[in-house]
Amino acid sequence: MSDYNFQEIEAKWQDLWEKQKPFACDVLSDKKKMFLLVEFPYPSAQGLHVGHPRSYTALDVIARKRRMENYEVMYGMGWDAFGLSAEVYAVRTGIHPRITTRENINNFRRQMKSIGFSFDWDREIDTTDPHYYKWTQWMFLQMVKQGLAYKGPTQINYCPNCKTTLANEEVINGGCERCHGPVEKRIKEQWMLKITQYADRLAQELDTVNYISPVVDQQRNWIGRSEGAEITFTLKENNASITVFTTRPDTIFGASYMVLAPEHSLVDTLRPKISNWDAVEAYRLAAKQKTDIDRSDVTKEKTGVPLEGISVINPATNAPIPVWISDYVMMGYGSGAIMAVPGHDDRDWAFAKKFHLPILDVISGGNVQESAYTGDGVLVNSGFLNGLNVTDAKARMIEWLQKHDMGSAKINYKLRDWIFSRQRYWGEPIPMVLCQACGWVPLPDDQLPLVLPELEDYRPTDDGSAPLAKLTDWVKTTCPCCQGPAERETDTMPQWAGSCWYFMRYLDPKNDQAFCDPKILEKWLPVDWYNGGMEHTTLHLLYSRFWYKALADAGIVPGIEPYGRRTSHGMILGTDNEKMSKSRGNVVNPDSVVEAYGADVFRTYEMFMGDFDKTAPWSDGTINGVARFLRKVWALLEKIDSSAPPSIEQEKALHRAIHDVGERIERMKFNTAVSALMECINAFAQADSLPPSLLGDFCKLLSPFAPHMAEEIWQQLGNQGLVCQQSWPTYDSALLVDDSVTIGVQVNGKLRATITISKGASNLEAEAAALAEEGVKRALEGKTPRKVIVVPDRIVNIVVG
RNA sequence: GCCCUAGUGGCGGAAUGGUAGACGCGGCAGACUCAAAAUCUGCUUUCGGCAACGAAGUGGGGGUUCGAGUCCCUCCUGGGGCACCA
């Protein structure tokens with residue numbers, strides 16, 4: 001018996017898998033399908049992070065088990081290779097992103113293969129391959145045709161450091177997601193996707209899928225549905241009107257002033273009537289120059305300027321109220337105007353206090369001069385609403401507004417349309433042409449893919465225009481519609497475009513007639529199980545659901561949701577319990593782990609290190625323990641004796657493991673599934689001999705975690721075929737139960753003894769055994785039990801006193 | 001401020017309302033060895049005690065229950081998300 005040479009043995013099986021392709025998916029198979037998905041990575045120059053394999057291994061365990069359960073499994077891998085990071089890296093190194101991307105992909109593929117994932121590598125995809133992005137462009141055009149894409153001036157988030165536009169989802173606390181620098185607001189012509197048109201469905205249809213609840217909560221939160229009313233206020237000075245959105249129409253009698261966003265266009269219209277225009281203009285200019293970080297600082301004092309000479313009529317009271325502008329009202333939400341009810345809104349209260357505006361009490365329950373009262377109560381000082389509670393008053397008020405044609409019920413969303421343009425080079429060209437005569441014209445399908453042209457200098461420009469604009473020959477084209485002179489769009493798509501639909505391409509990766517054969521889509525969608533990071537909840541996952549619904553509405557894909565089930569893994573931290581980062585110097589490189597311990601140890605450790613859901617710190621000690629475990633498994637080969645009958649203990653240990661490992665994998669309790677494997681081999685090792693069949697069955701349980709060693713032992717036991725192609729073992733329930741059971745005996749809920757009784761013993765027997773215990777007698781101090789609770793095979797609790 | 005999440009030995013972590021600490025790491029003692037590594041055996045929540053045993057114990061405080069790490073209320077702390085969204 002030699003030591004386990006993992007380098008040699010892992011290479012041997014990886015070569016064999018490569019040749020025999022046991023993980024190839026037959027999409028036309030009659031077997032029950034199982035579509036498993038992990039987020040395909042962005043192939044960075046740093047290579048694979050130890051965080052990636054946590055997700056990949058988990059679903060690899062599921063994939064391998066499902067194959068052994070006779071499912072046809074789809075488990076693919078590919079590269080989300082467009083995007084800013086690749087371009088930034090290329091600019092820094094001076095090497096074209098196409099070249100660095102190819103190198104990075106090769107490195108990622110090598111790393112993944114060294115870990116032994118059971119991906120069907122013949123279905124590898126790459127978002128930067130023209131054969132792939134042809135369909136990304138095609139799908140974008142489908143959205144154009146459905147009226148879901150439009151180009152228009154919009155206030156965008158611009159990162160002056162990265163020199164590009166950011167989607168709202170890419171702005172974190174007013175800063176850039178990538179460089180964390182401040183983000184400016186600019187007005188720019190951008191391609192937009194109308195994700196807001198799907199806001200309601202994106203929220204509602206979460207009920208039709210099985211996502212872990214934090215994902216559901218976070219998406220709903222992000223979509224931010226709120227029910228309220230739109231109310232029209234009329235200007236006192238002329239008949240112009242201003243519409244506000246409020247969730248509290250019930251408080252309208254307390255609306256003592258109105259606030260407009262500084263950017264509100266009405267301010268310009270009203271200029272001739274505004275007597276303090278200089279002050280107004282100065283305030284607007286100052287607001288414009290503020291970054292979102294300044295503007296969204298909740299703790300800062302409220303500022304604002306009144307529009308002197310302007311007032312509006314409160315439709316409920318008919319009284320004129322002043323109009324202010326303040327940057328605490330945002331142009332991008334509702335109508336950019338609010339009715340301020342300082343008595344019952346904290347922000348309005350703070351504003352009113354500062355500027356000495358009237359604070360009216362219209363809902364009983366608080367002292368509005370001290371602080372805003374936002375709770376429930378009975379309406380007061382509110383005319384026909386008096387005496388109603390908040391809910392009823394809301395309904396009554398909306399009714400009243402509708403009757404008088406002054407407003408109606410309205411639902412608003414925080415979700416904004418998706419800013420889809422990037423003034424960058426390394427992305428899918430947007431296949432649109434601007435014709436002087438015809439306007440924006442989509443490229444016809446036969447001109448797809450619109451290949452990303454070569455460019456000498458692909459660096460972003462300081463004036464915010466796209467690098468492709470420099471290619472004047474490429475930009476100049478003819479209109480597909482009228483053949484007149486036209487210009488190509490020079491913006492490219494964001495990183496998120498290619499990942500919106502990539503899972504479908506695994507199903508039919510080489511098809512050039514369609515992104516996927518519709519029959520295959522029909523059979524394989526939705527994805528059965530998608531595991532990925534929480535950080536993608538309001539980005540990729542939301543975009544992708546929207547993209548799918550848009551395609552579904554165009555009749556292109558089946559169903560309404562792309563992913564049936566969504567789970568998430570916790571982050572892997574450094575040994576210091578901090579997020580791994582170069583600057584902290586706590587990064588663990590998967591290559592060095594594989595080199596030192598082998599893929600099997602790496603995989604098993606990643607599953608054993610902690611609860612899959614939760615963050616877990618890297619630990620060199622624990623990984624050693626896993627290595628020791630696998631060495632013990634290997635050493636069992638020495639005990640193999642085909643003439644020895646299995647001991648009952650060994651059989652019980654095996655069947656216990658079959659039960660526990662299977663059940664724990666299904667519950668994604670991978671750490672305790674590994675514990676169950678450990679317990680089993682600890683039991684196996686007790687005896688001097690072990691029948692080959694028991695170790696063979698154990699190999700089946702081990703194979704999802706440590707597939708190389710499992711194959712090797714399986715072969716050395718003299719078995720035919722691959723262990724990964726065997727059937728998942730079943731357990732004999734009779735072997736799961738013991739004849740006797742040790743249970744606790746409590747006196748008044750405190751443990752005083754344990755008794756071993758036969759399984760299924762009657763309550764009387766258990767009680768008698770319990771009362772006979774010395775420890776119990778001592779605790780009873782001669783008192784007579786008042787009550788004895790026996791839970792069969794579980795516990796005896798004696799109540800005294 | 002709002003919405004999620006978590007808080008258990010020296011450490012990672014186990015526990016369908018029923019013997020808290022499985023499994024692993026680390027530590028201690030021993031075996032093997034010229035020695036070391038590797039391996040194996042035993043012990044290892046804390047306090048008191050030679051021991052038998054006793055007491056305390058799952059972030060704090062209340063509650064429900066024969067019985068609470070687990071359920072309810074409340075507070076504290078860490079992690080994540082959203083945030084002047086009317």
Side-chain angles (χ1 to χ4, degrees), chain A residues 3 172-174 212-222 224-226 228 244-248 251 259 261 295-300 302 326-330 332-341 345-348 350-351 374 412-416 534-535 537-538 570-571 573 577 579 605 608-611 613-626 628-629 631-632 635 669 671-679 682 685 742-755 774-775 778-779 785-800:
Chain A
D3 280 351
I172 309 295
N173 291 327
I212 52 168
S213 58
V215 171
V216 172
D217 291 338
Q218 216 171 293
Q219 286 208 349
R220 288 229 165 97
N221 224 303
W222 182 263
R225 182 180 202 270
S226 60
V244 302
F245 173 73
T246 178
T247 55
R248 298 296 303 275
T251 62
V259 188
R295 200 165 157 170
S296 67
D297 181 2
V298 200
T299 57
K300 78 157 202 289
K302 299 266 184 291
S326 171
D327 63 8
Y328 86 91
V329 175
M330 304 287 137
Y333 184 75
S335 56
I338 63 158
M339 63 175 207
V341 184
D345 180 281
D346 291 322
R347 294 148 303 177
D348 297 345
F351 193 82
T374 55
N412 252 324
Y413 299 93
K414 288 188 206 171
L415 187 71
R416 312 290 160 81
M534 280 306 291
E535 70 276 17
T537 302
T538 55
M571 216 188 338
L573 305 174
N577 237 313
K579 195 169 168 176
Y605 169 65
F608 184 63
M609 67 191 304
D611 197 352
D613 293 351
K614 304 199 182 84
T615 56
W618 191 265
S619 158
D620 293 318
T622 304
I623 199 168
N624 249 318
V626 172
R628 200 172 293 162
F629 158 64
R631 279 199 296 271
K632 282 193 215 170
K669 296 291 177 192
N671 53 340
T672 53
V674 174
S675 299
L677 291 170
M678 288 171 168
E679 283 172 344
N682 287 344
T742 302
I743 65 171
V745 180
Q746 297 175 335
V747 176
N748 285 345
K750 272 188 174 300
L751 186 74
R752 294 298 173 186
T754 58
I755 51 173
E774 277 307 315
R778 204 165 30 230
R786 187 156 56 85
K787 192 173 169 189
V788 177
I789 290 147
V790 180
V791 181
D793 298 337
R794 280 276 178 203
I795 202 149
V796 178
N797 190 12
I798 298 161
V799 188
V800 288

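The chains referred to below are lettered A, B, ... by the order of the sequence lines, with proteins before strands, and numbering in each begins at 1.
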Whole angstrom value for the distance that separates P of B:G79 from NZ of A:Lys614: 17 Å
Sugar-phosphate or base contact per nucleotide [nucleotides 55-68 of chain B; S, B, -; heavy atom under 4.0 Å]: SS---------BS-
Spacing of the C1' atoms in B:G62 and B:G24 (rounded, Å): 37 Å
Sequence-aligned protein contact record of nucleotides 23-33 of chain B, with B where the base is within under 4.0 Å of a protein heavy atom and S where only the sugar-phosphate is: BSSS-------
Interatomic distance at C1', B:G67 relative to B:G18, whole Å: 7 Å
Donor-acceptor pair present, A:Lys302 side chain and B:C84 base, under 3.5 Å: yes
A:Ile338 CD1 - B:C84 C1' separation (whole Å): 9 Å
Minimal non-hydrogen separation, A:Thr538 against A:Gln218, with atom names: CG2-O, 4.0 Å
Residue-phosphate contact under 4.0 Å: A:Thr538 side-chain N/O, B:G81 OP1/OP2: no
Side chain to side chain donor-acceptor pair (under 3.5 Å) partners of A:Asp348, counting only residues at least two apart: A:Tyr328
Residue A:Trp222, side-chain heavy atoms: nucleotide from B:C82, B:A86, B:C4 that is nearest: B:C82
Considering all heavy atoms, the nearest A:Val244-A:Ser335 contact: CA-OG, 3.5 Å
Least distance between heavy atoms, A:Val259 atom then A:Ala340 atom: CG2-CB, 4.4 Å
Nearest-angstrom distance from the residue atom CG of A:Leu573 to P of B:U5: 20 Å
Touch class at under 4.0 angstrom, heavy-atom based, for A:Thr742 against every strand present: base
Exercise: identify the closest heavy-atom pair between A:Asn748 and A:Val799: OD1-CA, 3.4 Å
A:Asn412 side-chain N/O to A:Ser226 backbone N/O, donor-acceptor pair under 3.5 Å: no
Sugar-phosphate only, base, or nothing, as touched by A:Arg631 at under 4.0 Å among non-hydrogen atoms: sugar-phosphate
Most 5' of A:Lys414 and A:Pro214 on RNA chain B, judged by nearest nucleotide: A:Pro214
Position toward the 5' end of RNA chain B (nearest nucleotide), A:Arg416 or A:Gly744: A:Gly744
Atom of A:Lys414, atom of A:Trp222 and distance for their closest heavy-atom approach: CB-O, 3.8 Å
Exam field: side chain A:Gln219 to backbone A:Thr537, donor-acceptor pair closer than 3.5 Å: yes
Interatomic distance at C1', B:U5 relative to B:G10, whole Å: 26 Å
Nucleotide B:G13, atom P - distance to CE of A:Met609 in whole Å: 9 Å
For atom CZ of A:Arg794 and atom C1' of B:A15, their distance in whole Å: 11 Å
A:Met339 side, atom CE; A:Asp345 side, atom CG - distance, nearest 0.5 Å: 9.5 Å
A:Asn221 CG to B:G1 P, straight-line distance once rounded to whole Å: 17 Å
Nucleotide of B:A14, B:G13, B:U19 approaching A:Pro617 most closely (side-chain heavy atoms): B:G13
P spacing across the pair B:G79 / B:U74, given as an integer number of angstrom: 23 Å
Atom pair distance, as rounded to whole Å: CG in A:Asn412 and P in B:A86: 8 Å
Pairing residues for A:Arg225 by the salt bridge (charged side-chain N to carboxylate O under 4.0 Å, His left out) criterion, not counting sequence neighbours: A:Asp200, A:Glu227
C1' spacing across the pair B:U64 / B:C73, given as an integer number of angstrom: 11 Å
Contacts of type salt bridge (charged side-chain N to carboxylate O under 4.0 Å, His left out), residue A:Lys669, not counting sequence neighbours: A:Asp611
Separation between the P atoms of B:C23 and B:U16, rounded to whole Å: 16 Å
A:Ile795 and A:Ile743, any side-chain heavy atoms less than 4.5 Å apart: no
Side chain of A:Leu751 (C-beta onward), nearest among B:A20, B:C84, B:A86: B:A20
Pairing pattern in dot-bracket form [Watson-Crick, G-U; both distances under 3.5 Å; | = partner strand] for RNA chain B: (((((((..(((.....[....)))((((((.......))))))((((....))))..(((((..]....))))))))))))....
Touch class at under 4.0 angstrom, heavy-atom based, for A:Thr615 against every strand present: sugar-phosphate
P atoms of B:C3 and B:U8, separation to the nearest Å: 24 Å
Separation of B:G79 C1' from A:Asp613 CG (nearest whole Å): 14 Å
Smallest separation among heavy atoms of A:Met609 and A:Pro617, with atom names: CE-O, 3.6 Å
A:Tyr605 side-chain N/O to A:Ser619 backbone N/O, donor-acceptor pair under 3.5 Å: yes
Sugar-phosphate only, base, or nothing, as touched by A:Asp611 at under 4.0 Å among non-hydrogen atoms: sugar-phosphate
Chi-based syn or anti call at B:G63, which uses purine or pyrimidine torsion atoms and a 90° bound: anti
Inter-nucleotide C1' distance (B:G17, B:G63), Å rounded: 16 Å
